[in-house]
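Ligands are counted one by one from 1 in listed order, and the atoms in each one are counted from 1 as well.
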Amino acid sequence: MTEPERWGPVEGRLNALLAGGPIHFTLIDPEKSRGETAGALARGAVKAGSHAILLGGSTGITRALVDDAARAIRRAVDVPTIIFPEGPGSLSPEADAVLFMSLLNSRNLDLVVRAHARAAPLVRALGLEAIPMGYIVVAPGMRVGEVGQVDPVPREEPVTAAGYALAAEMLGMRLVYLEAGSGAPAPVPAAMVAEVRRTIRVPLIVGGGIRTGDDARPLLAAGASVLVTGTVTEEQGLGAGFHAIVEEVLRARHG
Ligand code: 1GP
């Protein structure tokens, strides 16, 4: 089976977009932005140029919250709605796909693979497209670093991050996500993004602490395939910061 034959419709659509350059994902927390609020946020984000919606964030998200938000988002926009799961409780058949992700540098085996063994049959039963992803938390890691019982990759160790990323690719994961932690004071260092980009071929997602166009530019120059932002819209709505980030991504796509 060739690689494109393995892809489901969402992964195929994302890879088609990525062939044209980097893209942007808007992270919406279905607990903080409920139902129609999430739909309205998604509509504005996509109008500004964002390419997909990630649903996730808080701990303690329930199926009902994800169902409501995903339904509203799918009514509002026609870009993919992808679950960024906190656990099996975040799964909803109302979304288009789920990032089926292993937290590679967690000390807790549940987050590396054991929860997945329990969740995989549910993902299949719900008919959700699973996109296999290696998730790597970089210092400071913020809340996901704590809750995820992570040994965060030190910011001055790009080679360590590249080792995890290459292992993910060799294990067959088709996305790699470098995460500084939601609300991090600074994004993943551009030098680390560049080292990982040089090392792997699969798309590289970068998130955590991206608040301005100036934050986004060096990450794009270093070869990030996808930038994810959440906090900037939670704190400022679809304001200047959000628009500047998306504009940097669109500029990197279209030159
Ligand atoms: C969090 O990487 C995402 O998982 C987004 O981070 O909330 O800091 O934008 P921010």
Side-chain angles (χ1 to χ4, degrees), residues 22-33 38 41-42 44-45 48-61 66 69 81-87 90 98-106 111 131 133-150 152-153 155 161 164-165 175-190 192-193 196 203-220 222 224-249:
I23 58 179
H24 178 269
F25 290 173
T26 302
L27 175 63
I28 296 181
D29 183 331
E31 194 186 28
K32 294 179 185 154
S33 303
L41 191 54
S50 191
H51 299 90
I53 305 297
L54 290 189
L55 256 186
S58 293
T59 46
I61 284 175
V66 184
T81 304
I82 304 167
I83 297 173
F84 183 37
E86 176 253 320
S90 325
V98 57
L99 296 176
F100 201 76
M101 54 197 236
S102 172
L103 180 42
L104 296 175
N105 53 337
S106 173
L111 304 179
I131 307 177
M133 183 177 93
Y135 190 45
I136 303 161
V137 174
V138 176
M142 311 303 282
R143 191 160 160 71
V144 69
E146 285 166 32
V147 177
Q149 298 168 56
V150 159
V153 177
R155 296 177 67 79
Y164 274 112
L175 295 173
V176 165
Y177 192 137
L178 286 179
E179 169 73 87
S182 185
V188 171
M192 185 179 281
V193 173
V196 173
L204 173 57
I205 305 176
V206 179
I210 304 169
R211 291 185 177 78
T212 65
D214 286 346
D215 288 337
R217 208 173 305 117
L219 301 172
L220 293 163
S225 317
V226 182
L227 296 188
V228 180
T229 62
T231 300
V232 72
T233 38
E234 271 159 26
E235 288 179 352
Q236 309 165 21
L238 295 167
F242 178 83
H243 282 273
I245 293 162
V246 175
E247 274 161 27
E248 287 296 337
V249 173

Hey, is ligand 1 close enough to [X] that some N/O pair sits below 3.5 Å?
{"X": "G208", "result": "yes"}
{"X": "V228", "result": "no"}
{"X": "A184", "result": "no"}

Shortest non-hydrogen separation from A38 to I28 and the atoms involved: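 Closest approach of A38 to I28: O-CD1, 3.7 Å.
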For the student: nearest non-hydrogen atoms of V66 and S90, plus distance: CG1-O, 3.5 Å
In Å and rounded to the nearest 0.5 Å, what is the [atom1] to [atom2] distance from [X] to [Y]?
{"X": "L104", "Y": "M133", "atom1": "CG", "atom2": "CE", "result": "9.0 Å"}
{"X": "K32", "Y": "L41", "atom1": "NZ", "atom2": "CG", "result": "12.0 Å"}
{"X": "L219", "Y": "L204", "atom1": "CG", "atom2": "CG", "result": "9.5 Å"}

V232 near ligand 1 by a heavy-atom separation under 4.0 Å: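 No, V232 has no heavy atom closer than 4.0 Å to ligand 1.
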Please state which protein non-hydrogen atom is closest to [atom] and give its distance, to 0.1 Å?
{"atom": "atom 4 (O) of ligand 1", "answer": "E179 OE1, 2.5 Å"}
{"atom": "atom 9 (O) of ligand 1", "answer": "G230 N, 2.8 Å"}
{"atom": "atom 10 (P) of ligand 1", "answer": "T231 OG1, 3.4 Å"}

Counting from 1, what ligand 1 atoms have a heavy atom of [X] closer than 4.0 Å?
{"X": "F84", "value": "4 (O)"}
{"X": "G207", "value": "2 (O)"}
{"X": "G209", "value": "8 (O), 10 (P)"}
{"X": "G183", "value": "7 (O), 8 (O), 10 (P)"}
{"X": "Y177", "value": "2 (O), 3 (C), 4 (O)"}
{"X": "T229", "value": "9 (O)"}

Test applied, side-chain hydrogen bond (donor to acceptor under 3.5 Å, both in side chains); reference residue, S50; option that passes from T26, T233, T229: T26
Sidechain-backbone polar pair: S106 side chain, G148 backbone, donor-acceptor under 3.5 Å: yes
Main-chain N/O of H24 paired to H51 side chain as donor or acceptor, under 3.5 Å: yes
Heavy-atom side-chain contact between S182 and R143 under 4.5 Å: no
Mode of V144 contact toward ligand 1 - side chain, backbone, both, neither (heavy atoms, under 4.0 Å):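 Neither; nothing of V144 gets under 4.0 Å from ligand 1.
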Proximity of F25 to ligand 1 by residue part, where a heavy atom lies under 4.0 Å: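 Neither part.
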From V206, V137, I136, V228, residue fulfilling side chain to side chain contact (heavy atoms under 4.5 Å, CB included) relative to Y177: V228
